[in-house]
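First up is the structure itself, then whatever we jot down about it.
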Amino acid sequence: MHSVVEDLNSRDREEIIREAETRFPEILHKMKKEQEHTLPDLPGDHRDVVMRLAPSPSGPLHLGHTRMAILNDEYVRRYSGTLILRIEDTNPGNIDPEAYRMIPEDLESLGVKVHKIVIQSSRLDLYYSEARSLIEKGFVYICTCERETAKRYKAEMKACPHRNTGVEENMEMFEKMVSGEIKAGEASAVVKTSLDDPNPSLRDWIAFRISPHRHPLVGDRYVLFPTMNFSVAVDDHHLKLTHVVRGRDQLNNTYRQRFIFRYNNWKEPYYFHYGMISYPGTLLKTSLMKKGIREGKYKGWDDVRLLTVRSLIRRGYRPETFRKYWVDSGLRDVDATFSWEIFDSINRGFVDQTAMRLFFVRDPVKIRIEGAPEMEAKIPFHPSRPDLGKREYRIGVNQHVYIQQSDMNGMSEGDTVRLKDLCNVTFHNGLFHYSEGQELLRRGSIIHWCPENSSSYRVEKPDGTVDSGLIEPLGKDITGVVQMERYGYVNSFPEKGIGYYTHR
RNA sequence: GCUCCGAUGGUGUAGUCCGGCCAAGCAUACCGGCCUUUCAAGCCGGCGACCCGGGUCCAAAUCCCGGUCGGAGCACCA
């Protein structure tokens, strides 16, 4: 047997294939396998899977959040588990009260099913009691060093003077922090890890600090707040999380949170950290978006220029698109670049089947078709869906129609073009003359048009520009994603005479 | 600087754990053709990749070592 392998390895591929063809033709038949991309199975027990989405309420969700939302939702659906939306509002200085409402809305519009909502600021007593228990075990101490001093100690791998304070005193100090007797910046509660950890971010990290800001929900009652690493660890345990799927930027946080699990002898969930996605040239920082809105640069969170979930949905991106894109991307831990090309192509696939075709004439130019008889245009609403019917217009003798300025600019003396589904016209001496022919013209010479009684319409585009023009009369009855012929897909709100540009 | 992670076509990915079915699959983009009274969609065909250098092995995208490049973190943000 071995010698056969050696023999084959040493021989030429071509030669082997030639021999195989003659001797065993059937084995060369290679089936083309269909590849539907699916997420890998998660390890561990698949009964009672509990996962969570843990955004901070600093604003609505944006494109960057959609991956964690979709991925967690996908797995919970697969295992019939429970998905918890945990709003991480333990930093009072960074809360937009509107976000408590907007985040669930955004998730719903993405088709993410949340089974339970947990708000961390309503669980502060739980965090306090876990803190007391860790103080008692000597894993948490109260530090009154100045911020810079504490940083220096850590950088030098040295213990600060408070690291060995006794349990009693720590407990006493902690209660003073809870009660508000100690002011912001004067003390913090620190988790004792190891000072010589080679990873500097894991050395004695802060678990609680007193906030100088008033918390919008519980501001009258609480001033002491846990940092995310503490509240996350406590909640992941108390909410019985089985699997945690999040970005690689959280990796060091996971290491920090593990100390809490270890000190309490809690069973850890399985952790997954997918790679970072870079979104070239786009603004995905909630704080910057908020600033822009405050300054009047953007109209609101759903401004077409912003990549918030609400804006993308309003532009006509379908929830299935987000889902397919992120499932296709998988759980890889490699960093990648977001591809609008692929994202748009996926969306086009979903939207095209149902998008009614309409004429939108940008920068309209009024023309008359010299010598034209009374005409009737019957234009399919969808070229491959006859069941959707036709739009019909009657163009009387001497009535005007509108064509696009850019098409007008392209006309040269003697050119014949076709007004789509209406008639051929020849450009002569600056006028358009009716032309008998109905024959199909060469590609590129069919232009769209609008009848006289069209309505004015504008399309807002994500680059901040606006195209103004006319939409054909029947367009005012069609809401939702439509395809403006020779223009692109638009989510149309005809009652307002406006559409939001989806993509080409 | 320190810690941790990663590297497959222009882009997004499959395969890597457990080496042989990988002569590397799929999608997107691009090119050509078909269809079409939209520059859309659809159909057919084509182009195009295992970061570099060593090693182990009959056999390496896959395992080991070194290098290079890229990313995340090193906040009393999440």
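Below, read A as the first sequence line, B as the second, and so on, with proteins coming before strands; counting in each chain starts at 1. The shown structure was predicted, so the numbers you read here are calculated from the model rather than taken from an experiment.
Residues Asn409(A) and Gln405(A) bring a donor and an acceptor atom of their side chains to less than 3.5 Å of each other.
For Tyr500(A), the ring-ring contact (aromatic ring centres under 6.0 Å, His included) partners at least two apart in sequence or on another chain are Phe493(A). With sequence neighbours left out, the salt bridge (Lys or Arg N to Asp or Glu O under 4.0 Å) criterion links Glu485(A) to Arg391(A), Lys420(A). Checked against side-chain hydrogen bond (donor to acceptor under 3.5 Å, both in side chains), Asp196(A) has no partners two or more places apart in sequence or in another chain. In terms of the salt bridge (Lys or Arg N to Asp or Glu O under 4.0 Å) criterion, Glu392(A) has no residue partners (sequence neighbours excluded). For Ala187(A), the side chain to side chain contact (heavy atoms under 4.5 Å, CB included) partners are Ile142(A), Thr144(A), Met177(A), Ile182(A), not counting sequence neighbours. Annotation: ring-ring contact (aromatic ring centres under 6.0 Å, His included) contacts of His243(A) (sequence neighbours excluded): Tyr270(A). Take Glu320(A) and apply the salt bridge (Lys or Arg N to Asp or Glu O under 4.0 Å) test, not counting sequence neighbours, and it matches Arg318(A). The salt bridge (Lys or Arg N to Asp or Glu O under 4.0 Å) search around Arg147(A) returns none, not counting sequence neighbours.
The gap from the P atom of A29(B) to that of C65(B) amounts to 41 Å, rounded to the nearest Å. Using C1' as the reference atom, A78(B) and C17(B) are 32 Å apart when rounded to the nearest Å. Annotation: U11(B) and C52(B) have their P atoms spaced 15 Å apart (nearest Å). The separation of G46(B) from U56(B), taken at their P atoms, amounts to 40 Å, rounded to a whole angstrom. Distance check on atom P: G6(B) versus C18(B) gives 15 Å, rounded to whole Å. To the nearest whole angstrom, the two P atoms, one in G15(B) and one in C26(B), are 15 Å apart. Comparing the same atom, P, in C2(B) and in U62(B) gives a spacing of 28 Å after rounding to whole Å. Straight-line distance between the P atoms of C64(B) and A7(B): roughly 12 Å, to the nearest whole Å.
When the C1' atom of G6(B) is taken as reference, atom CG of Asp335(A) falls 7 Å away, rounded to whole Å. We find that OH of Tyr487(A) is positioned 17 Å from P of A41(B), with the value rounded to whole Å. The interatomic distance linking Tyr279(A) (OH) with U11(B) (P) rounds to 18 Å, in whole Å. One atom, CZ of Phe360(A), and another, P of A40(B), lie 18 Å apart when rounded to the nearest Å. The distance between atom CG of Asp328(A) and atom C1' of G15(B), rounded to the nearest whole Å, is 16 Å. Across the protein-nucleic acid pair, Ile342(A) atom CD1 and A14(B) atom P stand 12 Å apart, rounded to whole Å. Rounded to an integer number of Å, the gap from Arg504(A) CZ to U28(B) P is 17 Å. Arg246(A) has its CZ atom 13 Å from the P atom of G73(B), to the nearest Å.
When each of Val334(A) and Gln404(A) is assigned the nucleotide of RNA chain B with its nearest heavy atom, Val334(A) is the one assigned upstream, toward the 5' end.
In terms of phosphate contacts, Arg348(A) brings a side-chain nitrogen or oxygen within less than 4.0 Å of OP1 or OP2 of A41(B).
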Would you tabulate the pairs of protein nitrogen or oxygen atoms and nucleotide nitrogen or oxygen atoms of nucleotides 2-4 of chain B closer than 3.5 angstrom?
residue: C2(B); atom: O2'; partner: Pro198(A); partner atom: O; Å: 2.9
residue: U3(B); atom: O4'; partner: Pro198(A); partner atom: O; Å: 3.4
residue: U3(B); atom: O2'; partner: Asn199(A); partner atom: ND2; Å: 3.1
residue: C4(B); atom: O2'; partner: Tyr255(A); partner atom: OH; Å: 3.4

Do any N or O atoms of the protein come closer than 3.5 Å to N or O atoms of nucleotides 75-78 of chain B, and which pairs are they?
residue: C76(B); atom: O3'; partner: Arg209(A); partner atom: NE; Å: 3.4
residue: C76(B); atom: O2'; partner: Arg147(A); partner atom: NH2; Å: 3.4
residue: C77(B); atom: OP2; partner: Arg209(A); partner atom: NE; Å: 2.4
residue: C77(B); atom: OP2; partner: Arg209(A); partner atom: NH2; Å: 2.3
residue: C77(B); atom: O3'; partner: Arg209(A); partner atom: NH2; Å: 3.4
residue: C77(B); atom: O2'; partner: Asn91(A); partner atom: ND2; Å: 3.1
residue: A78(B); atom: OP1; partner: Thr90(A); partner atom: OG1; Å: 3.2
residue: A78(B); atom: OP1; partner: Arg209(A); partner atom: NH2; Å: 2.9
residue: A78(B); atom: OP2; partner: Met228(A); partner atom: N; Å: 3.0
residue: A78(B); atom: O3'; partner: Glu88(A); partner atom: OE1; Å: 3.0
residue: A78(B); atom: N6; partner: Asn253(A); partner atom: OD1; Å: 3.4
residue: A78(B); atom: N6; partner: Asn253(A); partner atom: ND2; Å: 2.9

Next item on the list: State the dot-bracket string of RNA chain B. Criteria: Watson-Crick or G-U wobble, both atom distances under 3.5 angstrom; notation: ( ) intrastrand, [ ] crossing earlier pairs, | interstrand, . unpaired.
Entry: (((((((..((((......[....)))).(((((.......)))))....(((((..]....))))))))))))....
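Closest to the side chain of Met276(A), from the set G71(B), U38(B), U11(B), is G71(B).
Residue side chain Glu341(A) reaches the base of G10(B) through a donor-acceptor N/O pair under 3.5 Å, judged by distance alone.
Among the heavy atoms of the strands, none lies under 4.0 Å from Ser384(A). Among the protein residues, Phe338(A) comes within range of no part of the nucleic acid, since none of its heavy atoms lies under 4.0 Å from any strand. Contact annotation for Thr337(A): backbone-only contact, meaning every heavy-atom pair under 4.0 Å involves sugar-phosphate atoms and none involves a base. The residue Arg332(A) sits close to a base: some heavy atom pair falls under 4.0 Å.
Listed here is the closest heavy atom pair of Leu284(A) and Gly64(A): CD1-N, 4.0 Å.
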Checklist line | Steps toward ring pair (Phe, Tyr, Trp, His ring centres under 6.0 Å) verdict (Phe259(A), Phe139(A)) | finding: CA-CA 9 Å; Phe259(A) 283 100; Phe139(A) 291 125; 9.6 Å; no
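Taking 4.0 Å as the cut-off between side-chain N and carboxylate O, Asp235(A) and Arg52(A) do not count as a salt-bridged pair.
Among residue pairs with one or both ends in residues 246-258 of chain A, those qualifying as salt bridge (charged side-chain N to carboxylate O under 4.0 Å, His left out) are Arg248(A)-Asp335(A), Arg258(A)-Glu268(A); sequence neighbours excluded.
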